[in-house]
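All remarks here apply to the structure that follows.
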Amino acid sequence: MKRFVFRNRWLPYALVAPQVAVTLAFFFWPAFDSLRLSLYRASPFGDRLIWAGFANFERLFRDPAYLRSALTSFVFSFVVTFAGLALALLLASFANAKIRGLAVYRSLLLWPYGIAPAIAGIIWLFIFHPSYGILPWVLSFVTAYQFNWFLKGWVAMTLIVMAAIWKQFGYNLAFYLAGLQAIEASVLEAASVDGAGPIRRFFAVTFPLLSPVTFFLFTLNMTFSFFDTFGLIHSVTQGGPGDATSILVYRAWKDGFEGLQLGFSAAQSVVLMALVILLTAFQFRFAEKRVTY
Amino acid sequence: MARTLAPPTALAIGAPSRVKARDWSGIVAHAILLAAVAVLAFPLYYAFVISTQTLSQVTSLPPRPWPSTALFSNYAEAWQRAHMGRLLLNSAIVALGVAFGKIAISLLSAFAIVYFNFRGKQVVFWMIFVTLMLPVPVRIVSTYQVISVLGWVNTYWGLTVPLMASATGTFLFRQFYQTMPDSLAEAAQLDGAHPMRFLWSILLPLSKANMAALFVILFVYGWNDYLWPLMITNTPEMRTAVIGIESLVPRTSQLPEWNVAMAAAMMVLLPPVGVIVVMQRWFVKGLIETEK
């Protein structure tokens, strides 16, 4: 721990001032304003705010559309996170060997992280395009089913899931590979000598030793799929067809900016804040107790 | 989290003795990795191919998975129609502004927190710390109102400054400064150097790797952010590239000029992908360290 400090009366304040200013202006003020607004509703002419108590929250939790949106969000995030991580871990386990050119592979895997979700969405939108896309065309040889995401909610969902996983998959794989390579062969050999087969070795030794990597990737993928996919939804499906892909962040934006229901949208923001705080708290607890470093 | 990736040398110990089995696993590994690389690259390759084709090639089945001759005309068309020059300029201003602005802000505040004692230090520290819990999307409407009170709607200030306000950078630098030996600062003080002189001439040169790591992450974040510029801008001249090219994406009733849309998409994705490829080493470092 550091003990040396400079002596200066005003300099430290000047140094933290910019950070404190942006934090107050763009975190505390909006957060408290969200809390405040969530307790009001706009008057019919939109010119003033009327006290509403917890009415916005009551409305929120009784609104079937909102509950559907919450379910959509969770399904989307869990599928993107779990499918993405499981597949990456599976491939990494089979590809875990001492080979040349790992650095080259890493470069070839990491670049999709740089693609904006919205741009990834546009590319996948064309791949899924009912008339010109390569995927429905290939599938048309297998089945007569119409894979039209304009009409079918689950196809639209698959489209955004694919776009999201595509963007994340490369670095999930790269990180798992690096994690596996860091496990010493002697540990696995010891388990092998004790009579553990490859599957048992994986679950008893490899997987627990990988928990920091899994934990890191889990947090990264959850926050990505929950919050950063707004652009993907907005540029591709606009929440549709119907509300099949209307995730929570998209809804909060839509109700606030297009529907101009400030109080209702603020209540949604408050719920989202609670979710983030829960996730962060979970992260700290879990990070301290269960994860092997 | 920095400990999750051990240096590759760690795996040099205890190589398996059965040489034949290892050769086989090497081939499997190459096959899997090559397949993964190819599958990941395909959508990008396909988007590029489409961006080189003519309208009739794009809309005819079966799809043609190889490049054609319309590359220049498509890119020129996309450039002109979306006012791509302006969009890319805006994105560059936002991405660089956010990256440099946040690096500067967090470097200074971390310096104050580690190298000074001052009244209210704990309050400041916790104030910065809790911001980790509030990403932009959860404060949608209210943050917009703050911006409109400040008169920053549709300005570069409004596009960049709110994205600089987060704790990740401060924590990164704080952690790094704490690993610096006290003797460095003591020596500087004995020489009569002002604290700012110490920061500028000694601490900053040592922080280069951390700055580069943060730069990659922030550049990509600033370039690709969608929700914030969508809310805060209301004229085409202030749009950033990821939003601005939406008008080129053909909707149901429009001429299906996907070749032009893909040309635009290629131009927008190139800068952040390029930064990652060129600065790969720092990208991995940044990814690990900014995620706490």
Side-chain angles (χ1 to χ4, degrees), chain A residues 2 4-6 12 15-16 18-20 22-23 26-27 29-31 33-34 91 94-95 97 99 105 107-108 111-112 114-116 118-119 122-123 126 132 134 137 170 173 178 181-182 184-186 212-213 216 220 227 230-231 235 249 252-253 256 262 265-266 269 272-273 276-277 280 293, chain B residues 1 3-6 10-11 13-14 25-26 29 32-33 36-37 40 43 47 59 61 63 105 108-109 111-112 115-118 124 127 131 133-135 137-143 146 162 164-165 178 182 185-186 195 220 224 226-227 242 246 249 258 265 268-269 272-273 276-277 280 291:
Chain A
K2 219 172 217 42
F4 175 84
V5 285
F6 286 110
L15 290 170
V16 293
Q19 173 98 52
V20 168
V22 287
T23 307
F26 303 111
F27 280 91
W29 185 2
D33 210 41
S34 283
L91 289 190
F94 282 112
I99 51 171
Y105 283 120
S107 331
L108 293 172
W111 60 267
I115 295 180
I119 304 292
I122 292 172
I123 293 175
F126 185 73
Y132 321 114
I134 195 164
W137 178 75
L173 182 54
Q181 300 261 324
E184 284 180 28
S186 55
V213 185
F216 163 71
L220 209 70
F227 297 110
F230 174 86
S235 70
V249 177
W253 171 81
L262 296 188
S265 173
S269 288
L272 280 175
M273 271 190 236
V276 182
I277 289 169
T280 316
Y293 281 97
Chain B
M1 293 305 290
R3 281 150 287 164
T4 53
L5 291 183
L11 57 115
I13 327 148
S25 73
I32 287 176
L33 290 174
V37 166
L40 280 183
T59 55
L61 291 172
I105 288 177
L108 295 178
S109 60
F111 181 55
Y115 281 95
F116 291 90
N117 274 333
F118 56 97
V124 168
M127 224 172 81
T131 61
M133 296 184 186
L134 298 172
V138 309
R139 310 168 264 126
I140 298 171
V141 180
S142 314
T143 314
V146 172
M164 295 175 200
Q178 281 178 337
D182 272 349
E186 279 160 6
V220 173
N224 288 347
Y226 193 96
L227 178 57
V242 278
E246 220 214 310
V249 177
W258 280 96
V268 178
L269 67 81
V273 170
I276 286 186
V277 171
Q280 199 204 122
E291 195 60 27

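Naming: A, B, ... by sequence-line order, numbering from 1 per chain. The model shown is predicted, which means the values in this text are computed figures rather than measured ones.
- When each of B:Val37, B:Val220, B:Val124, B:Val249 is checked for heavy-atom pairs under 4.5 Å with chain A, B:Val37 comes out on top.
- Only the side chain of B:Glu246 comes within less than 4.5 Å of a heavy atom of chain A; its backbone N, CA, C and O stay farther away.
- Counting heavy-atom pairs closer than 4.5 Å to chain A, the top-ranked of the candidates B:Val242, B:Leu40, B:Asn117 is B:Leu40.
- Between A:Ile99 and B:Leu33, some side-chain heavy-atom pair lies under the 4.5 Å cut-off.
- In terms of heavy-atom proximity, A:Val20 sits nearest to B:Met127 at CG1-CE, 3.5 Å.
- Heavy-atom distances place the side chain of B:Ile276, and not its backbone, under 4.5 Å from chain A.
- The distance from atom CH2 of A:Trp137 to atom CG of B:Leu61, rounded to the nearest 0.5 Å, is 7.5 Å.
- Ring-plane geometry between A:Phe6 and B:Tyr115 is classed as tilted, the angle between the planes lying from 30 to 60 degrees on a 0 to 90 degree scale.
- A distance of 8.5 Å separates CD1 of A:Ile119 from OH of B:Tyr226, quoted to the nearest 0.5 Å.
- Both the backbone and the side chain of A:Leu91 come within contact range of chain B, judged by heavy atoms closer than 4.5 Å.
- Scanning all heavy atoms of the two residues, the minimum distance from B:Ser142 to A:Pro30 falls at CB-O, 3.2 Å.
- Looking only at heavy-atom pairs under 4.5 Å with chain B, the residue among A:Gly170, A:Gly256, A:Ala118, A:Ser107 that has the most is A:Ser107.
- Heavy-atom distances place both the backbone and the side chain of B:Leu108 under 4.5 Å from chain A.
- Heavy-atom minimum distance, B:Ala112 versus A:Pro12: CB-O, 3.7 Å.
- Interatomic distance, CG of B:Leu227 versus CZ of A:Phe227, reported as 11.5 Å (0.5 Å rounding).
- The heavy-atom pair separating A:Gly114 from B:Val273 by the smallest distance is C-CG2, 3.9 Å.
- Of all heavy-atom pairs spanning B:Ile32 and A:Phe94, the tightest one is CD1-CB, 3.1 Å.
- Of all the listed residues (B:Val277, B:Val146, B:Val268), the one sharing the greatest number of non-hydrogen pairs under 4.5 Å with chain A is B:Val146.
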